[in-house]
Amino acid sequence: IALVILVQFEILKPSDLAPNRPAGEEVSKSELATALNNVLICLEMFLAALAHANAFPAKEYYPQEPLTPSNQRGIMRNIWDMFNVLDVFHDTKEFGGDM
């Protein structure tokens with residue numbers, strides 16, 4: 001809403017959005033508001049990613065022993081585990097009871 005107000009009162013001008021456009025082709029106020037909204041969403045997602053990384057650190061998922069060639073898993077095994085839903089089936093069966 002604040003962006004629409006800034007564009008409406010021409011504090012932010014449509015020409016600020018695309019200064020390299022041909023002289024006859026103007027950017028509409030709605031295009032400017034949409035573009036600014038998209039930029040703000042990108043900034044918000046960056047801040048949310050930082051907060052998420054802080055709230056849910058990956059350290060607790062690191063292996064206890066250092067990785068060596070003998071205990072590393074290949075990428076295909078990891079991809080298989082990512083798409084394998086058998087664990088969901090087994091957990092549902094074990095904890096779901098008589099559903």
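Hydrogens, waters and symmetry mates play no part in the numbers below; they use all other heavy atoms, side chains included. This is a predicted model, so every value here is computed, not measured. Index from 1, following the sequence.
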Show the atom names and distances, to 0.1 Å, of all donor-acceptor pairs under 3.5 Å that link a side chain in residues 75-85 to residues at least two apart or in another chain.
unit_1: N78; atom_1: OD1; unit_2: R73; atom_2: NE; d: 3.2
unit_1: N78; atom_1: OD1; unit_2: R73; atom_2: NH2; d: 3.2
unit_1: D81; atom_1: OD2; unit_2: R73; atom_2: NH1; d: 3.2
unit_1: D81; atom_1: OD2; unit_2: R73; atom_2: NH2; d: 2.1
unit_1: N84; atom_1: OD1; unit_2: L86; atom_2: N; d: 3.0

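Contact check for T92 versus V88: side-chain heavy atoms found under the 4.5 Å cut-off. Two residues are said to be in side-chain contact when any heavy atoms from C-beta on lie closer than 4.5 Å; L50 and N54 fail this criterion.
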Quiz item: Where do L36 and L40 land on the side-chain contact (heavy atoms from CB on, under 4.5 Å) test, with the steps shown first?
Solution: CA-CA 6 Å; L36 291 172; L40 288 177; 5.5 Å; no
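Listed by first then second residue, pairs satisfying salt bridge (charged side-chain N to carboxylate O under 4.0 Å, His left out) with a partner in residues 38-55 number zero, not counting sequence neighbours. Applying the ring pair (Phe, Tyr, Trp, His ring centres under 6.0 Å) test to pairs two or more places apart or on separate chains, those with a residue in residues 28-55 are H52-F56.
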